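Taking it in order: structure first as structure tokens, then the write-up.
For clarity, every value in this text was computed on a predicted model and none was experimentally measured. A, B, ... follow the sequence lines: proteins, then strands. Residue 1 opens every chain.
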Number of protein chains: 2
Amino acid sequence: MDPTTLLAILEDRGYRLTGPRRRVAEVVVGKADGFTAEELCSALPNVGRATVYRTLKLLVDATIICKLAMPDGEPRYTPSHAGYHHHHAVCVDCGAIQEFRDSTVERVVKAIGSDLEGQIVGHRIEFFIQCGKCGGRVS
Amino acid sequence: MDPTTLLAILEDRGYRLTGPRRRVAEVVVGKADGFTAEELCSALPNVGRATVYRTLKLLVDATIICKLAMPDGEPRYTPSHAGYHHHHAVCVDCGAIQEFRDSTVERVVKAIGSDLEGQIVGHRIEFFIQCGKCGGRVS
DNA sequence: AGATTTGACGATACTAAGTCTCAAATACTA
DNA sequence: TAGTATTTGAGACTTAGTATCGTCAAATCT
Ligand SMILES: [Zn+2]
Ligand SMILES: [Zn+2]
Ligand SMILES: [Zn+2]
Ligand SMILES: [Zn+2]
């Protein structure tokens with residue numbers, strides 16, 4: 001996604017197109033392999049921390065980026081390419097992210113849900129990998 | 001699990017059975033529905049924060065308790081009943097936790113892994129539910 | 001039992017990640 | 001372009017957890 005499209009989506013949702021948001025958009029779309037909030041803050045020294053975090057929240061709400069958690073719980077953000085429900089495989093060494101969707105997974109999720117007491121309101125599925133560059137076998 | 005068994009496991013792993021650890025064990029085994037680290041600190045005002053966190057880490061390493069994350073990322077701990085690999089369904093309202101294991105899930109995980117670039121080194125699967133008590137349909 | 005060794009404790013300082021506040025700046029609207 | 005609601009950002013604050021280090025006590029040895 002290019003910055004202009006990203007900003008258009010925010011505009012459609014009723015947000016103003018401000019300088020700081022433009023600058024955040026510019027950086028976010030360039031981070032194909034995901035990033036942490038702090039990385040973004042460092043990359044944008046003249047945008048306030050609060051604004052960076054606020055904008056991240058807007059982008060997550062707009063499903064322009066995804067927020068996911070590393071094994072230790074550290075949050076990581078990644079530009080979302082798919083327009084639909086999906087999950088992520090994250091390289092634990094370099095942070096590279098692959099999105100995937102698998103209908104079998106979703107079917108199984110539904111099946112398990114019917115065996116549990118209560119009603120499923122959400123699920124989280126994340127795979128942790130070592131990518132090819134980082135020493136993992138390339139399948 | 002009763003406190004004595006829990007402590008025996010720690011002892012087997014080479015740790016000393018100290019007063020603070022006994023007290024932590026006592027409280028942890030009573031929290032069937034999971035708890036946060038801060039809850040544990042409050043429940044044990046005469047055990048230092050550092051010791052509470054250190055003991056939690058020991059218990060996670062010994063697979064006596066599981067550490068999992070709520071949708072917003074807040075960590076939650078829960079006594080583990082299963083001795084094998086499993087996942088969790090957490091009530092987003094009251095924090096009640098169900099453990100589950102499903103061989104289909106694990107098979108699908110393996111299948112997806114072979115489609116991804118790199119090698120899977122771990123996975124996280126969590127379901128978020130509303131339990132019966134909290135308004136969710138009882139299936 | 002008493003002495004020794006070493007692991008564990010806990011008060012406190014510190015760090016990291018993120019949120020809140022509010023006056024000032026800015027983007028849209030008419 | 002003036003009016004107004006939104007947004008910004010410096011910095012204080014909060015929350016969750018870690019590091020330090022002198023003190024203490026559990027296990028071991030004699
Ligand atoms: Zn990698
Ligand atoms: Zn899914
Ligand atoms: Zn519940
Ligand atoms: Zn599994």
Side-chain angles (χ1 to χ4, degrees), chain A residues 3-4 6-28 34-62 65-78 95, chain B residues 3-4 6-28 31 34-62 64-78 95:
Chain A
T4 312
L6 190 164
L7 293 165
I9 294 171
L10 287 189
E11 193 170 29
D12 283 352
R13 295 172 78 93
Y15 299 111
R16 294 182 176 181
L17 299 190
T18 68
R21 283 176 184 161
R22 285 173 208 278
R23 274 172 275 158
V24 170
E26 198 73 45
V27 176
V28 163
F35 53 91
T36 64
E38 283 309 312
E39 269 170 52
L40 203 50
C41 286
S42 307
L44 292 162
N46 36 9
V47 176
R49 292 170 56 71
T51 300
V52 167
Y53 279 99
R54 281 187 293 234
T55 307
L56 281 175
K57 211 163 279 172
L58 295 187
L59 296 179
V60 170
D61 287 351
I65 63 177
C66 296
K67 180 180 183 178
L68 50 99
M70 296 298 281
D72 62 359
E74 187 195 74
R76 237 186 131 69
Y77 296 88
T78 177
Chain B
T4 312
L6 191 163
L7 293 166
I9 295 172
L10 287 190
E11 193 170 29
D12 283 352
R13 295 172 76 93
Y15 298 111
R16 292 182 177 177
L17 298 190
T18 68
R21 283 177 184 159
R22 284 172 208 280
R23 274 173 274 157
V24 171
E26 199 71 46
V27 176
V28 164
K31 299 256 181 189
F35 54 91
T36 63
E38 284 310 314
E39 267 170 55
L40 202 49
C41 287
S42 308
L44 292 161
N46 35 9
V47 176
R49 293 172 54 71
T51 299
V52 168
Y53 278 99
R54 281 186 293 235
T55 308
L56 281 176
K57 212 163 281 176
L58 294 187
L59 297 179
V60 170
D61 287 351
I64 291 168
I65 62 176
C66 296
K67 180 180 183 178
L68 50 98
M70 297 297 281
D72 62 0
E74 187 194 75
R76 238 187 130 69
Y77 297 86
T78 177

Mind listing the closest non-hydrogen atom pair of [X] and [Y] along with its distance?
X	Y	result
A:Ala69	A:Gly73	CB-O, 4.0 Å
A:Leu56	A:Phe35	CD2-CE1, 3.8 Å
A:Val52	A:Ala37	CG1-O, 4.3 Å
A:Pro75	A:Lys67	CB-CE, 4.0 Å

Inset, instruction - Give me the residues of residues 13-24 of chain A where at least one heavy atom lies under 4.0 Å from an atom of DNA chain D, by number, or none. - result: A:Tyr15, A:Arg16, A:Thr18, A:Pro20, A:Arg21

Legend entry - Along DNA chain D, first and last positions that approach a heavy atom of chain B under 4.0 Å: D:dA16 to D:dA27

Legend entry - B:Leu10/B:Leu59 under side-chain contact (heavy atoms from CB on, under 4.5 Å): CA gap, chis, key distance, verdict: CA-CA 8 Å; B:Leu10 287 190; B:Leu59 297 179; 4.1 Å; yes

Inset, instruction - Name every residue in residues 42-53 of chain A that has at least one heavy atom under 4.0 Å from any atom of DNA chain C, in order of residue number, or write none if there are no such residues. - result: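 Within this stretch, A:Arg49, A:Ala50, A:Tyr53 sit under 4.0 Å of the strand.
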
Legend entry - Interatomic spacing from CG in B:Leu40 to CD in B:Glu38 - rounded to 0.5 Å: 9.5 Å

Legend entry - Point-to-point distance, once rounded to the nearest 0.5 Å, from CG of A:Leu68 to CD of A:Glu74: 10.5 Å

Legend entry - By side-chain hydrogen bond (donor to acceptor under 3.5 Å, both in side chains) - contacts of A:Tyr15 (at least two apart): none

Return all side-chain donor-acceptor pairs below 3.5 angstrom for residues 17-27 of chain B, not counting sequence neighbours, or 'none' if the list is empty.
from    : atom 1 : to      : atom 2 : distance (Å)
B:Thr18 : OG1    : B:Arg21 : N      : 3.3
B:Arg21 : NH1    : B:Arg16 : O      : 2.9
B:Arg22 : NH2    : B:Leu17 : O      : 3.2
B:Arg23 : NH1    : B:Asn46 : O      : 3.4

Legend entry - Comparing A:Leu58 and B:Lys57 on DNA chain D - which has the more 5′ nearest nucleotide: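 Going by which nucleotide is closer to the 5' end, it is A:Leu58.
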
Inset, instruction - Tell me, with the steps shown, if B:Val60 and B:Tyr77 meet side-chain contact (heavy atoms from CB on, under 4.5 Å). - result: CA-CA 9 Å; B:Val60 170; B:Tyr77 297 86; 4.0 Å; yes

Legend entry - Bounds of contact between DNA chain C and chain A, in 5' to 3' order, using a heavy-atom cut-off under 4.0 Å: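 The contact span of chain A on DNA chain C goes from C:dA17 to C:dC28.
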
Inset, instruction - Using a 4.5 Å cut-off on heavy atoms from C-beta on, say whether the side chain of A:Arg54 contacts that of A:Leu58. - result: no

